[in-house]
Amino acid sequence: MAVCSYEELLSYLENNLTNEDVRQLINACPKHDRDRIKNLKDFYDFLASRGALGKDNVIQLQRALETIARPDLVNTVMNFRRISISSEDDLNEKDDEHENKYNYLSQIEDIVDTFVKLELKPPPKQIKT
């Protein structure tokens, strides 16, 4: 999904993160800060208070989503960054490499899901002659 504004991005994430995802995000924070973080808004506020989240700064949010293995939402944040950056020159090679890694991981997950869904039949019984 393409989101146009920072507020839309945060709202989209809020609507697509599960309670378990939010719990994992909170648990990824330093121990001494976890008591203050009770929900996703508190998590956003925590990042913003450290200068790690804002309209022009969503890279830490992207990395947090990577740690909880949500490549779908990582791609959403990367698309927002791409849209919000005025020129391609502002994207460095590391970001491109990072993006390719997550697109690749998403493809691997699709392949693994396909294999998991396959039902294997037992080998045929051998007939003794």
Side-chain angles (χ1 to χ4, degrees):
M1 160 152 194
V3 291
C4 299
S5 74
Y6 174 71
E7 292 77 17
E8 287 177 335
L9 173 66
L10 297 183
S11 177
Y12 180 80
L13 295 176
E14 184 175 352
N15 291 330
N16 287 280
L17 285 166
T18 66
N19 290 335
E20 177 63 20
D21 292 335
V22 174
R23 187 187 65 72
Q24 288 179 8
L25 288 171
I26 293 169
N27 286 336
C29 295
K31 272 188 177 181
H32 61 276
D33 291 315
R34 289 183 199 156
D35 292 338
R36 295 184 291 159
I37 306 170
K38 304 292 183 205
N39 54 43
L40 190 57
K41 183 185 180 324
D42 291 344
F43 178 74
Y44 291 157
D45 292 342
F46 169 75
L47 290 179
S49 72
R50 298 189 177 275
L53 183 62
K55 291 182 181 184
D56 298 324
N57 184 11
V58 293
I59 191 72
Q60 292 301 323
L61 179 59
Q62 176 182 324
R63 289 186 177 142
L65 294 169
E66 291 166 2
T67 65
I68 65 166
R70 286 298 305 267
D72 57 324
L73 299 179
V74 170
N75 284 330
T76 299
V77 174
M78 288 189 310
N79 288 336
F80 170 79
R81 286 180 58 219
R82 186 178 300 114
I83 290 168
S84 66
I85 294 174
S86 58
S87 74
E88 280 296 313
D89 294 338
D90 292 338
L91 288 175
N92 62 34
E93 289 180 24
K94 189 173 182 181
D95 285 341
D96 290 341
E97 184 178 310
H98 204 67
E99 179 178 338
N100 291 337
K101 177 177 104 175
Y102 273 88
N103 286 334
Y104 180 71
L105 286 175
S106 182
Q107 291 172 2
I108 289 174
E109 285 178 344
D110 291 343
I111 292 170
V112 169
D113 285 345
T114 301
F115 283 116
V116 169
K117 292 176 185 173
L118 291 176
E119 291 185 34
L120 299 176
K121 295 180 181 177
K125 294 181 180 177
Q126 292 189 3
I127 301 173
K128 293 182 181 179
T129 56

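Keep in mind that the numbers below use all heavy atoms, side chains included, and drop hydrogens, waters and symmetry copies. What you see is a predicted model, and the numbers here were worked out from it, not measured in a lab. For the single chain, residues carry numbers from 1 onward in sequence order.
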If I compare all heavy atoms of [X] with all of [Y], which pair ends up nearest, and what's the gap?
| X | Y | result |
| --- | --- | --- |
| Gly54 | Tyr6 | O-CE1, 3.3 Å |
| Leu40 | Glu14 | CD2-CA, 3.5 Å |
| Tyr44 | Leu10 | OH-O, 3.2 Å |
| Cys29 | Ile37 | SG-CD1, 3.7 Å |

Next item on the list: Name all residues meeting the side-chain contact (heavy atoms from CB on, under 4.5 Å) criterion together with Lys41; count only those two or more places apart in sequence or in a different chain, and write none if there are none.
Entry: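 Partners of Lys41 by the side-chain contact (heavy atoms from CB on, under 4.5 Å) criterion, ordered by chain and then number, come out as Asn39, Asp45.
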Check: Residues two or more places apart in sequence or in another chain: which of them pass side-chain contact (heavy atoms from CB on, under 4.5 Å) with Asn57?
Finding: Ile59
Next item on the list: Indicate yes or no: does Arg23 engage Glu20 in a salt bridge with an N to O separation below 4.0 Å.
Entry: yes
Margin query: Heavy-atom count check: over 12 atoms from other residues, nucleotides or ligands less than 6.0 Å from Asp56 CG?
Written below: no
Item checked: CD-CZ distance between Gln62 and Arg81, expressed to the nearest 0.5 angstrom -> 5.0 Å
Check: Between CG of Leu13 and CZ of Phe43, what distance do you get to the nearest 0.5 Å?
Finding: 10.0 Å
Looking only at atom types and distance, does a side-chain atom of [X] sit under 3.5 Å from a main-chain N or O of [Y], one as donor and one as acceptor?
| X | Y | result |
| --- | --- | --- |
| Glu8 | Ser5 | yes |
| Arg34 | Asn27 | yes |
| Asn16 | Tyr12 | yes |

Close side-chain approach of [X] and [Y], heavy atoms under 4.5 Å:
| X | Y | answer |
| --- | --- | --- |
| Asn75 | Phe80 | no |
| Arg70 | Asp21 | yes |
| Lys38 | Asp42 | yes |
| Pro30 | Phe46 | yes |

Next item on the list: Please determine which of Leu17, Leu9, Leu61, Ile68 meets the side-chain contact (heavy atoms from CB on, under 4.5 Å) test together with Leu73.
Entry: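 Between Leu73 and the candidates, side-chain contact (heavy atoms from CB on, under 4.5 Å) is satisfied uniquely by Leu17.
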Notebook entry, point to check: Does any donor atom in the side chain of Thr76 or Asn79 lie under 3.5 Å from an acceptor atom in the other side chain?
Noted result: no
